[in-house]
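See structure below.
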Amino acid sequence: MPITKEHLEFHVPDMGSGWHTPAGYPAGIEQKILAGALDEANKRGHRTRLLRFQPGEFTTAPFVHDYWEEVWLVSGDLIVGNDAEGRGGEAFTKAAYACRPPGAYHGPFKSETGCVLLEIHYYDETPQ
């Protein structure tokens, strides 16, 4: 199945609007879709998004999903593997990258100073 993302030439996205909190995330973590769409119900599609954490925000449990995910830490700090109260974990700053196959548990996550992540999500759409 072909990738169906819109054709976008270089431009400066409006960073002041279009942000919203994804389902299951605390209010201080927001996403902005840059391109594409991910249809989780039908397990297809591709999405590129920015995910930003406000300073001090954290998730409390690991995540797992059925699509591929690639993540680049664009700015700020990200702590990986904190506990449910936001303590502990391994801290990363700029130039950190992750590539996760479907079914990989990851997180929880926290940011002390706030951060922006570039995330690419996609399903394996090869014919079965």
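Side chains are part of it too, since the values below use all heavy atoms of this structure and drop only hydrogens, waters and symmetry mates. Nothing fancy with the numbering, it's 1 onward along the sequence.
Closest approach of G86 and F58 over heavy atoms only: N-CE1, 3.5 Å. Closest of all the heavy-atom pairs between E57 and P26 is OE1-CB, 3.8 Å. Taking both residues in full, the closest heavy atoms of C115 and L73 are given as CB-CD1, 3.8 Å, listed atom of the first, atom of the second, then distance. Contact between T60 and A84 at its shortest, heavy atoms only, is CG2-O, 3.3 Å.
In this structure, Y67 and E40 have side chains that are in contact, with non-hydrogen atoms separated by less than 4.5 Å.
Within 6.0 Å of OH in Y97 there are more than 12 heavy atoms belonging to other residues, nucleotides or ligands.
Judged by distance alone, the side chains of T48 and K5 do bring a donor and an acceptor atom under 3.5 Å apart. Side-chain atoms of Y123 and D39 include no donor-acceptor pair closer than 3.5 Å. Side-chain N/O atoms of D77 and T93 include no donor and acceptor closer than 3.5 Å. With no hydrogens or angles considered, a side-chain donor-acceptor pair links H7 and E9 at under 3.5 Å. Neither side chain, H20 nor E30, offers a donor N or O lying under 3.5 Å from an acceptor on the other.
Qualifying side chain to side chain contact (heavy atoms under 4.5 Å, CB included) partners for D14, counting only residues two or more places apart in sequence or in other chains: S17. Checked against side chain to side chain contact (heavy atoms under 4.5 Å, CB included), E119 has the following partners two or more places apart in sequence or in another chain: R49, L51, E69, V71, L117, H121. The ring-ring contact (aromatic ring centres under 6.0 Å, His included) test applied to Y25 returns F63, not counting sequence neighbours.
A cation-pi arrangement is absent between R100 and W68, since the terminal nitrogen or guanidinium carbon is not both under 6.0 Å from the aromatic centre and inside a 45° cone about the axis.
A tilted orientation is assigned to the rings of H106 and F109, their planes being inclined by 30° to 60°.
Salt bridge annotation for K110-E112: present, with a cationic side-chain nitrogen under 4.0 angstrom from a carboxylate oxygen.
The distance from the CZ atom of F53 to the CD1 atom of I79 is 10.0 Å, given to the nearest 0.5 Å.
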